[in-house]
Amino acid sequence: VETIQVTVMDANGNPVKDAVLRVDGLRAEKESASGHGNRLMTKGTTNELGVAFVDYPKYVYEEMATGQLTITVTHPDFQMNYGDHSIDAPIEIRLKAGRRLTITAIDAATGTQIKEGLYGLLPGRVGREIWNPIKDGTLTSNALAPETRTLLLVCVRDGQPTLFSELIDLNDYSSEHAEIANVAMSPGERLTGQLSDNVARPVGDGRVGLCASMTFDGNPSYDTCVFWNDYASIKPDGTFEFDSVPRGAEIQLTAVNDDWVSVSAPAEEILGRFPYVTTAEHAQHMHDTMVIGQPFAPDAPRPLVLEMERTATCDFTVVDNAGEAVEGAAIYMSPNKAVAPGPGGVIGMYSRTVDILGKTADEMRAFFGEKRQAALASDD
């Protein structure tokens, strides 16, 4: 374990006290393009000089030395700062001022104020790094970047469908401390779908992953879209359903079902949907190596029909240095899945936004660790 000094300042160079630093990941000195998670979260808090001393592992893995730290800095009065920092010298991080939000909401069906389970979804972030716990029916934020435009409010209550607001345009609220009062919340759409007819019934075990994206931007990017993720089991008759999905969102679906996987879009369509794909060669490579989410417009006929195709099969034998079989080895492999306009993940390993709302970074790390173990142990 090594220790490095991190100094946090505002835009004018003044020290920022009580800023919370978190090392979210590591980059190897010789493989700076690849990121590696830190199993135990490393934290620090700045003193009156804006200084914190942060521990980090000397090696990413084996003898691969750490070269960069991925650090998140949070403070109520400043925009969250997230980025990679070289460890060649003491680190300096400057925070920017922003605006804050105060929000109240009501249940549209009853007209009563919502006093629990209220969360805000912003482009790229859904956790407690931005939002403070709801108090007396009021949800408040830390400072946000002034250019942040898109906000979706979500209300999660046990045993009831998730409530959503309409998509909120923060450009309509120009003050440094905007108050958004009595936002109406309603259940989302009960979304139904089915696998294509070429999959024989009864259908074996499998799951469908859903990504709903919403934005006011005419050219969507990961930094301007709000995302809602969910997954559902596939029934023997090939149907699936989601209890509550934001209305008016573009839906993207992927699925794995025994020997079947959802069909990816043609390479020529990938060029137009993914902002970071700029060449035909890149698009073809994505098509050949990933499962691309199938898009459905908000007005697409229900039930949605998810086109499926046969999967390939890989047989592995794991041996030790002497050539003896190794029992109980777990194998992780691609292909990954990709959803526009942002990142995807591993096909078949799905998550629900509702499950991680309000969780801290530590809780999220533990949560996803448990999800991975469950996925390994399941028949899916």
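Below, each value reflects all heavy atoms present in this structure, side chains not excepted, and no hydrogens, waters or symmetry copies.
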Looking only at side chains, do R273 and Q252 share a donor and an acceptor under 3.5 Å apart? yes

Is there a continuous path of hydrophobic side-chain contacts, each under 4.5 Å between heavy atoms, that joins I270 to V339? no

Full working for side chain to side chain contact (heavy atoms under 4.5 Å, CB included) between K337 and Y350: CA-CA 10 Å; K337 68 177 184 290; Y350 301 114; 3.8 Å; yes

Which residues satisfy the salt bridge (charged side-chain N to carboxylate O under 4.0 Å, His left out) test with E179, sequence neighbours excluded? none

Hey, quick one: are F227 and M290 part of the same hydrophobic cluster, counting side-chain heavy atoms closer than 4.5 Å, chains of contacts allowed? no

Contacts of type salt bridge (charged side-chain N to carboxylate O under 4.0 Å, His left out), residue D230, not counting sequence neighbours: R352

Can you tell me how far apart NZ (K115) and SG (C155) are? Round to the nearest 0.5 Å. 13.0 Å

Grab the two heavy atoms, one from C225 and one from P220, that are nearest each other, plus how far apart they are. SG-CB, 3.7 Å

At their closest point, which heavy atom of T162 faces which heavy atom of W228, and how far apart are they? CG2-CH2, 4.0 Å

Does M214 share a hydrophobic cluster with L357, counting links as ILVMFWY side-chain heavy atoms below 4.5 Å and allowing steps through other members? yes

Do V226 and L122 have side-chain heavy atoms sitting under 4.5 Å apart? no

Taking the side chain as everything from C-beta on, heavy atoms only, tell me whether N14 gets closer than 4.5 Å to M9. no

Side chain to side chain, L21 and T45, heavy atoms closer than 4.5 Å: no

Taking ring pair (Phe, Tyr, Trp, His ring centres under 6.0 Å) as the test, write out the residues that go with H75, two or more places apart. F78

Below 4.0 angstrom, N of the basic side chain to O of the carboxylate: do D243 and R190 qualify? no

If we only count heavy atoms from C-beta on, is the S262 to V291 side-chain gap below 4.5 Å? yes

For residues 69-81, which residue pairs pass the salt bridge (Lys or Arg N to Asp or Glu O under 4.0 Å) check, not counting sequence neighbours? D77-R100

Candidate list V8, I4, T7, test side chain to side chain contact (heavy atoms under 4.5 Å, CB included), partner I91, passing option: I4

Shortest non-hydrogen separation from Q284 to A267 and the atoms involved: OE1-CB, 3.3 Å

Do L144 and V20 sit in one hydrophobic cluster, given that two such residues count as connected whenever their side-chain heavy atoms are within less than 4.5 Å of each other, even indirectly? no

A quick test of your reading: do over 12 heavy atoms of other residues, nucleotides or ligands sit less than 6.0 Å from CZ of F216? yes

Check whether I251 and V354 end up in the same hydrophobic cluster, where Ile, Leu, Val, Met, Phe, Trp and Tyr are linked by side-chain heavy atoms less than 4.5 Å apart. yes

May I have the step-by-step check of side chain to side chain contact (heavy atoms under 4.5 Å, CB included) for N257 and D205, ending in yes or no? CA-CA 6 Å; N257 186 103; D205 290 337; over 6 Å; no

Shortest non-hydrogen pair, L271 vs A283, comes out as CG-CB, 4.0 Å

If you count every heavy atom of other residues, nucleotides or ligands that lies below 6.0 Å from E63 atom CD, does the total exceed 12? no

D24 and T70: side chain to side chain donor-acceptor pair (under 3.5 Å), yes or no, with the steps? CA-CA 5 Å; D24 285 324; T70 304; over 6 Å; no

If the condition is salt bridge (charged side-chain N to carboxylate O under 4.0 Å, His left out), which residues does K17 pass it with, not counting sequence neighbours? none

Heavy-atom donor-acceptor pair, T46 side chain to D18 backbone, under 3.5 Å: yes

May I ask you to test the L152-S165 pair for a side-chain heavy-atom distance under 4.5 Å? yes

Would you say the side chain of R99 lies within less than 4.5 Å of the side chain of L170, judging by non-hydrogen atoms? yes

Working to the nearest 0.5 angstrom, can you tell me the gap between T224 OG1 and N219 CG? 8.5 Å

Do S141 and N132 have side chains that get closer than 4.5 Å, going by heavy atoms? no

For the pair D217 and T215, evaluate side chain to side chain donor-acceptor pair (under 3.5 Å) and give the outcome as yes or no after the intermediate values. CA-CA 5 Å; D217 197 321; T215 183; 5.3 Å; no

Could you note down all residue pairs passing side chain to side chain donor-acceptor pair (under 3.5 Å) where residues 168-178 supplies at least one of them, sequence neighbours left out? T102-H177, R149-D169

Does any N or O in the side chain of Q294 come within less than 3.5 Å of the main-chain N or O of V263, such that one atom is a donor and the other an acceptor? yes

Using every non-hydrogen atom in the two residues, find where L139 and G120 come nearest and quote the distance to one decimal. CD2-N, 3.9 Å

Taking only residues two or more places apart in sequence or in another chain, which ones pass side-chain hydrogen bond (donor to acceptor under 3.5 Å, both in side chains) with Q113? none

Validation row: V261, V256 side chains within 4.5 angstrom (heavy atoms): yes

Pairs touching residues 238-279 that satisfy ring pair (Phe, Tyr, Trp, His ring centres under 6.0 Å), sequence neighbours left out: F274-Y276

Working for side chain to side chain contact (heavy atoms under 4.5 Å, CB included), residues I234 and V208: CA-CA 7 Å; I234 302 171; V208 176; 3.7 Å; yes

We want to know whether T138 and D136 form a side-chain donor-acceptor pair, criterion being a heavy-atom distance below 3.5 angstrom. no

Rounded to the nearest 0.5 Å, what separation is found between the CD1 atom of I114 and the CD atom of E116? 9.5 Å

If you take all heavy atoms of G188 and R247, which pair is closest and at what distance? O-NH2, 3.2 Å

Atom pairs and distances, side-chain donor-acceptor, residues 193-204, under 3.5 Å, sequence neighbours left out:
{"unit_1": "S196", "atom_1": "OG", "unit_2": "N198", "atom_2": "OD1", "d": "2.4"}
{"unit_1": "S196", "atom_1": "OG", "unit_2": "M308", "atom_2": "N", "d": "3.0"}
{"unit_1": "N198", "atom_1": "ND2", "unit_2": "M308", "atom_2": "O", "d": "2.9"}
{"unit_1": "R201", "atom_1": "NE", "unit_2": "D237", "atom_2": "O", "d": "3.1"}
{"unit_1": "R201", "atom_1": "NH1", "unit_2": "S196", "atom_2": "O", "d": "3.0"}
{"unit_1": "R201", "atom_1": "NH1", "unit_2": "V199", "atom_2": "O", "d": "2.7"}
{"unit_1": "R201", "atom_1": "NH2", "unit_2": "L195", "atom_2": "O", "d": "2.8"}

Pairs meeting criterion side chain to side chain donor-acceptor pair (under 3.5 Å) with involvement of residues 297-321, two or more places apart: E189-R302

Pairing residues for R94 by the side-chain hydrogen bond (donor to acceptor under 3.5 Å, both in side chains) criterion, not counting sequence neighbours: none

Side chains of Y56 and T3: is there a donor and an acceptor less than 3.5 Å apart? no

Can you list, pair by pair, the side-chain donor-acceptor contacts under 3.5 Å of residues 103-110, counting residues two or more places apart and other chains?
{"unit_1": "T104", "atom_1": "OG1", "unit_2": "N182", "atom_2": "N", "d": "2.9"}
{"unit_1": "D107", "atom_1": "OD1", "unit_2": "A109", "atom_2": "N", "d": "2.9"}
{"unit_1": "D107", "atom_1": "OD2", "unit_2": "R157", "atom_2": "NH2", "d": "3.0"}
{"unit_1": "T110", "atom_1": "OG1", "unit_2": "T112", "atom_2": "N", "d": "3.3"}
{"unit_1": "T110", "atom_1": "OG1", "unit_2": "T112", "atom_2": "OG1", "d": "2.7"}

Any chance you could lay out the side chain to side chain contact (heavy atoms under 4.5 Å, CB included) test for I292 and M286, step after step, and finish with the verdict? CA-CA 8 Å; I292 310 299; M286 283 186 62; 3.9 Å; yes

